[in-house]
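Note sheet for the following structure.
These values consider heavy atoms only, across backbone and side chains, with no hydrogens, waters or symmetry-generated copies. Letters A, B, ... are given to chains in the order of the sequence lines, protein chains preceding strands, and every chain is numbered from 1.
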Amino acid sequence: MALLVILAIVAALGLYVVFAYNGLVDRRNRMKNAFAQIDVQLTRRHDLIPNLVESVKGYMQHERETLEAVISARNQAIAGLQAAAARPGDPDAIRKLAGSEAALDSALGRLLAVVEAYPELKADENMLRLQEELSSTENKVAFARQSFNDAVMAYNTACQSFPTNFIAGVFSFQQGEFLEIEAESKREVPTVSF
Amino acid sequence: MDFFRSQDLARSKSRGLVLSFLTATLAVAVVGGFILAWLLAVTGAAPGQDPPDRGLVMALGALIAGIILLASALRHRQLAAGGGEVARTLGGRALTGEESDPRYRRLENVVEEMAIAAGLPVPAVYVLDQESGINAFAAGLGTRDAAIAVTRGALETLTRDELQGVVGHEFSHILNGDMRLNQRLLGYLFGLMVVSLIGRTILEAAGRGRVGRSSASARAPARGALGLGLTGAPALAVAGLGLIVLGWLGVLAGRVLQAAVSRQRELLADASAVQFTRNPAGLAGALRKIAASGHGARLTAARRDEVRHMLFADSRRLAGLLATHPTIERRLQALEPGRHPGLAVSRPRTGLVGEIGQPGPASLVSASRLLASLPPAATDAAHGDWDAPLLALALIAEAKNPLRDHQLSAAGQTLGVSAAESLASLANSVRPMADDQRLVLLDLAAPALRRQSLPRRETLASLARRFAEADGIIAPFEAALLANLELYLREEDTHLTHRRPSVAPPGSAALGLVQWMANAAGGRRDAALATGRQVLAESGFPGMAATDLPAGELPPAGAAGILGQMDYQYRAILVEALDAAAREDGVLQPRESALLRACCAALECPLPRTLDERANSLPVTVP
């Protein structure tokens, strides 16, 4: 009888471990899937920058440095995104991505501030379209970031709660990192209105 | 929602709709017959009997039913011309790709980007210039003849994101199979509402002060039509009252039918649009602007009531059972942050088949990349009425070999010398392009190709076939391009007249397609063919046991034409088989993937683009 009880307890414990483990894996996968959406939108943002530089450089002969800063920030952001996309569960990679995206934000902000000084460029139809697309992509990044952070929160909570935290510890589930992109100076994307 | 199932469901629903329409017609005919007979008796125009004469009631009922059926049959014939017909009914103007107003160009860009992303042929774009309300609709019988119409008010008030949300909603109707249902309903509604339309027209004519003359001339047809020997004032009174009552009955029956095409479809389309763009803010912004603006979603065109069920937002504010859309508040609620509509939608199928009809934001990014990679000269050519056919010919000619002199002279003889010159220069710009880019160019040219006159389309189709068959062998990709081109150039009313919903899927046509796919596999052709064939047989594709390979090469458009009649559940199997044949050696070559895409397009199974390369594929330009 006692043996049976012990067996039952062991079996129940075993079942618990299996379910808890699977639950953690599920949450981690959701977090990774949510990152895929950020990946898409950031990729779009990076795609837009060469076009932006292309349409701006005809007007700006004297702003070579600003343009080069944007391009190098873009290249770093691409590298950061690639690293993060390979390992979306790695807090280091996410932090680096956040840093490089913030740098890109600032570089873009400076460029758009310079654009303000060129009325012809500001009214250029191509330029208007690009700015509109940039701000639209910005919205989508924000939306994707929100659902990624929600997924990270759900996963981290599971990792920290008792008694799942033991399972997370034993199988070394690493907690996720929130993606927070904070530019040095909060950039305002000029809104286009008709 | 599974694309294939929802398409088949839409077809069976249209059959159900026929039944409801016939019931509604019968109801209107019976009630209308009684009322007319009673009116005749009361006004003393016909011999008065207390229970109206049964023969008279039946004759009048049959007359009414006849008018309704005739009118809706005529309207169906008109609508077979394609989705654009509906837009023209409402005063729409087709955009030609050469607009100067940036807002019109923005609409075209948004539509093109979404179509390429979803793997759909680019629909014709219409603007309703007279409408200052914010509204839009998609019309058409299939993906190939679809049209999207947007009001001027929407273009003037919405931002790009909001416009994208609205267009995404309309694309969802295309992908969810709602369009076909809506289009059929249009024909039925016209029949049911035709009496009130006639009544309105007569009233308007009378209101224009021609009463004196028209009453004299109206009397004669009234007598002739009713054949009851009525004279003078009673006849006019009966005609007037009868028209009012009948018109009202028909409109009521139409409203009930419209509302029966479920309001749920609108919520589904909203959710799919968000799944597509991952930007609920855009759609929500558009809905809020409708709620806030004075004009709302109102339309002013005379025949606005016919299209109520297919609009982006209801043009009238009817509540309850007769509402065609959920309220704006309800739709906004479903879009609220935290709910993330559509994000939880699971894919019932896996693999390539699961992707069909399910575009996502990655498809949009991939599409804008592809569009940006095209030389502007080629994109302009795809938009122009003059250049688009030449571009299509150049694409066919260049699919295998550079354009040859004898092909140029053939084109020169048929189309003229200047056309041959443009053809040569277009061929030069096509030459360095990848298969994927060529396929997109053909998709971009679709609206301009459909605008060609019928004789010109026939000339083009025969020239294209001559180009492709010039050396006696049709290469796989060439065949796929040709199939798509021929399907664009074909008259579209085959959808209505020749459609047999549950036709047995022809096994040899399916095998013919798999054979093209296998031909692209080069050395492993036989293995690829066997794999594809095995999938067809194992998944129960009908007629496979007895079917041998088609003896010769099947004409490509012919095979796609036969298979285009097939139920969607079988198309799913075929797409699976094509995919298996292409991946037989474990890798999907760019050529195979382009061919797969072309085959899916020919089968009207929109395959969304995927973002498979990393961001560094675009060159960085240093100033």
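Nearest heavy atom pair, residue A/S136 against residue B/D161, reads OG-OD1, 2.6 Å.
With a 6.0 Å radius and a threshold of 12 heavy atoms from other residues, nucleotides or ligands, B/K289 has its NZ atom above the threshold. For A/R30, the CZ atom is loosely surrounded, since the number of other residues' heavy atoms within 6.0 Å does not exceed 12. Counting non-hydrogen atoms of neighbouring residues, nucleotides and ligands closer than 6.0 angstrom, the CZ atom of A/F19 reaches no more than 12 such neighbours.
Note that the CZ atom of A/R44 and the CG atom of B/L364 stand 8.5 Å from one another [nearest 0.5 Å]. Interatomic distance, CD of A/Q41 versus CG of B/N279, reported as 8.0 Å (0.5 Å rounding). Here CG of A/N139 is found 15.5 Å from CZ of B/R278. Values are rounded to the nearest 0.5 Å. Going from atom CZ of B/R369 over to atom CG of A/L48 covers 10.5 Å, rounded to the nearest 0.5 Å.
Both the backbone and the side chain of B/A362 come within less than 4.5 Å of a heavy atom in chain A.
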Would you check, one step at a time, whether the test side chain to side chain contact (heavy atoms under 4.5 Å, CB included) holds for A/R129 with B/R106?
CA-CA 8 Å; A/R129 191 180 60 80; B/R106 179 168 70 178; over 6 Å; no
